[in-house]
Amino acid sequence: MAGSAGRLIPASSRTLLLTFDAFGTLFHPRLPVPEQYAATAHQFGLSRTAVTPDKLETAFRDTFRAQSHRYPNYGRAEALRGQYGGPRQWWEEVIRGSFKRVLAAENGETRPGDPEEHISDRMVEALLDRFAGSEGYALFDDVLPFFRRMRKLKAAHKWSFDRIIVGVISNSDDRVPAVLKSLGLTVGDMRADQDRSSMDLPGFEGRSINNDAAEEHVKDHADRNLDLDIDMVITSYEAGQSKPHRLIFDVARRQALKVARPWLTSRTKFSSVHVGDDLKKDAQAARDAGWESYLLLRDHVSYNNLDSKELPDLLKFADKLELFP
């Protein structure tokens, strides 16, 4: 089978599937989330004394927990039945619920009234937009240098793997691709497509690809692969299960096979590696799914006693990749 540059890919070629967690691994909030919520609220006229980061931190935590219990995985099951609006409605309710808790506690018995009256639609939209891009998030310092080195590795063909497919596996909604793009990474179109096409699920990401275009995307991927930092994004909302459930890793591998279709043969060797900052949801979960896994120590807490393969930063991981057996 010919590669993008006309190079023959041997039947025994090896393809590496390399995936990363998103939040806490590749990017982080520019400021603590309660501070960003409070600053946005003040821009829309809410009181600086009534609405503070400390109050919002508690309110957000309690609201988020209740919403996750009521509508797991951003209400995916109800969205599939057409009974819920998916992650956009889910986050709107979290935002409104958080501010209602703060304002209701401030009003008490002495200042009656519906707190909902003070929560404008424009403020809710502003927060949804803020956390869909670079206004709300920033990359860790080692991420862009790491992906620059990955591009060189992809093009080099001088090491153990003939092809590298890079993906993201995230317990999140479909804003992740927009966040990554806004932070300067190039992201392909492959998504989870579990039970229903991700393009048919209600969500944030606006995409419209018909079947012919999707097939053309796969055919062209041999060329585009070298230009992309991330070939696919697999979110829990679109995959149907969150980490540490094995399904999300199985879905990622299945979708990677579609991405790799131009290079596959019956003898292609496929290796899977996952990197994340959570011991249970990333390192142990990937290992339980049969993958190689590495724990990225973003919070500088060591887990040596639990037999985890630890990384201080992504650049050290790039060094390992160049020496991969």
Side-chain angles (χ1 to χ4, degrees), residues 14-27 139-140 143-144 146-147 149-151 153-154 161-181 183-194 197-199 205 207 214 217-218 220-222 224-264 268 270-278 281-283 285-287 289-296 311 314 317-318 321 324:
R14 290 181 44 158
T15 297
L16 170 65
L17 169 59
L18 175 61
T19 64
F20 298 88
D21 173 51
F23 185 89
T25 296
L26 298 180
F27 58 80
L139 292 176
F140 286 98
V143 173
L144 282 180
F146 170 81
F147 279 105
R149 288 180 65 176
M150 284 302 301
R151 286 200 182 201
L153 279 177
K154 281 184 177 182
F161 293 99
D162 296 282
R163 295 287 179 177
I164 309 171
I165 299 169
V166 180
V168 164
I169 302 178
S170 173
N171 285 355
S172 187
D173 59 66
D174 62 331
R175 281 181 295 183
V176 172
V179 172
L180 294 169
K181 290 175 184 178
L183 296 174
L185 299 175
T186 55
V187 182
D189 294 324
M190 184 62 74
R191 303 290 181 264
D193 293 345
Q194 180 74 357
S197 167
S198 60
M199 291 173 285
E205 189 175 23
R207 293 183 296 125
H217 160 72
V218 171
D220 291 345
H221 201 90
R224 298 186 64 230
N225 174 256
L226 297 180
D227 299 324
L228 292 172
D229 295 310
I230 297 169
D231 298 289
M232 64 179 195
V233 176
I234 307 299
T235 66
S236 60
Y237 175 63
E238 292 162 310
Q241 289 287 352
S242 303
K243 297 176 293 184
H245 199 287
R246 175 172 181 146
L247 175 66
I248 194 170
F249 292 96
D250 291 343
V251 168
R253 187 175 174 85
R254 183 195 70 200
Q255 297 303 87
L257 291 171
K258 294 180 181 179
V259 173
R261 191 182 304 161
W263 322 305
L264 287 179
T268 298
F270 206 96
S271 300
S272 304
V273 179
H274 180 70
V275 179
D277 69 313
D278 189 284
K281 296 177 182 178
D282 291 309
R287 189 163 62 244
W291 295 39
E292 186 88 358
S293 68
Y294 290 86
L295 182 66
L296 190 60
L311 298 166
L314 287 178
F317 184 59
L321 282 176
F324 243 42

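This chain uses plain numbering: 1 for the first residue, then up along the sequence.
- For Arg151, the salt bridge (Lys or Arg N to Asp or Glu O under 4.0 Å) partners two or more places apart in sequence, or in a different chain, are Asp229.
- Every side-chain contact (heavy atoms from CB on, under 4.5 Å) that Phe23 has, sequence neighbours left out, goes to Phe27, Pro29, Tyr137.
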Begin from the C-alpha positions of Lys258 and Met190 and carry the test side-chain contact (heavy atoms from CB on, under 4.5 Å) through to its verdict. CA-CA 9 Å; Lys258 294 180 181 179; Met190 184 62 74; 3.8 Å; yes
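- Annotation for Asp231 and Lys154: closest pair OD2-NZ, 3.7 Å, computed over non-hydrogen atoms.
- The NZ atom of Lys243 sits 7.0 Å away from atom CD1 of Ile169, with the distance rounded to the nearest 0.5 Å.
- Atom CG in Leu153 sits 12.0 Å away from atom CZ in Phe147 (nearest 0.5 Å).
- Listed by chain and residue number, nothing satisfies the salt bridge (Lys or Arg N to Asp or Glu O under 4.0 Å) test with Arg253 (two or more places apart in sequence, or in another chain).
- Under the 4.5 Å side-chain criterion, counting only non-hydrogen atoms from C-beta, Leu180 is in contact with Val233.
- When each of Ser236, Ser170, Ser242 is paired with Ile248, the side chain to side chain contact (heavy atoms under 4.5 Å, CB included) condition holds for Ser236 and for no other.
- Although no hydrogens or angles enter the test, the distance criterion places no donor-acceptor pair under 3.5 Å between the side chain of Glu292 and the main chain of Ser272.
- Checked against side-chain hydrogen bond (donor to acceptor under 3.5 Å, both in side chains), Asn171 has no partners two or more places apart in sequence or in another chain.
- Ala289 pairs by the side-chain contact (heavy atoms from CB on, under 4.5 Å) definition with Arg246, Phe249, Trp291, not counting sequence neighbours.
- Summarising the geometry of Arg254 relative to Asp193, their closest heavy-atom pair is NH2-O, 3.1 Å, with the distance given to 0.1 Å.
- Contact check for Asp278 versus Leu295: no side-chain heavy atoms found under the 4.5 Å cut-off.
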Starting from the C-alpha separation in whole Å, work towards a yes-or-no answer on side-chain contact (heavy atoms from CB on, under 4.5 Å) for Thr235 and Asp173. CA-CA 6 Å; Thr235 66; Asp173 59 66; over 6 Å; no
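- Scanning all heavy atoms of the two residues, the minimum distance from Asp174 to Pro177 falls at O-CD, 3.3 Å.
- In this structure, Phe146 has its ring center under 6.0 Å from that of Phe20.
- For Ala192, the side-chain contact (heavy atoms from CB on, under 4.5 Å) partners two or more places apart in sequence, or in a different chain, are Ile234, Glu238, Ala239, Val251.
- Note that CG of Leu183 and CG of Leu26 are 9.5 Å apart. Values are rounded to the nearest 0.5 Å.
- Minimum interatomic distance between Leu17 and Met232 (heavy atoms only, all atoms of both residues): CD1-CE, 3.7 Å.
- Atoms CG and CD1, on Leu16 and Ile164 in that order, are 6.0 Å from each other to the nearest 0.5 Å.
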Step by step, work out the side-chain contact (heavy atoms from CB on, under 4.5 Å) result for Thr15 and Ile165. CA-CA 7 Å; Thr15 297; Ile165 299 169; 3.9 Å; yes
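- In this structure, a donor-acceptor pair under 3.5 Å is present between the side chains of His274 and Thr19.
- The minimum heavy-atom distance between Thr25 and Val143, with the atom names listed, is O-CG2, 4.3 Å.
- Distance check: Asp282 CG to Asp21 CG gives 4.5 Å after rounding to the nearest 0.5 Å.
- Taken to the nearest 0.5 Å, the CG atom of Leu314 stands 13.0 Å off from the OH atom of Tyr294.
- Proximity of Leu18 to Leu321: side-chain heavy atoms (C-beta onward) are separated by under 4.5 Å at one or more points.
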After noting the C-alpha distance and the side-chain angles of Val187 and Leu228, does the key distance pass the side-chain contact (heavy atoms from CB on, under 4.5 Å) rule? CA-CA 6 Å; Val187 182; Leu228 292 172; 5.9 Å; no
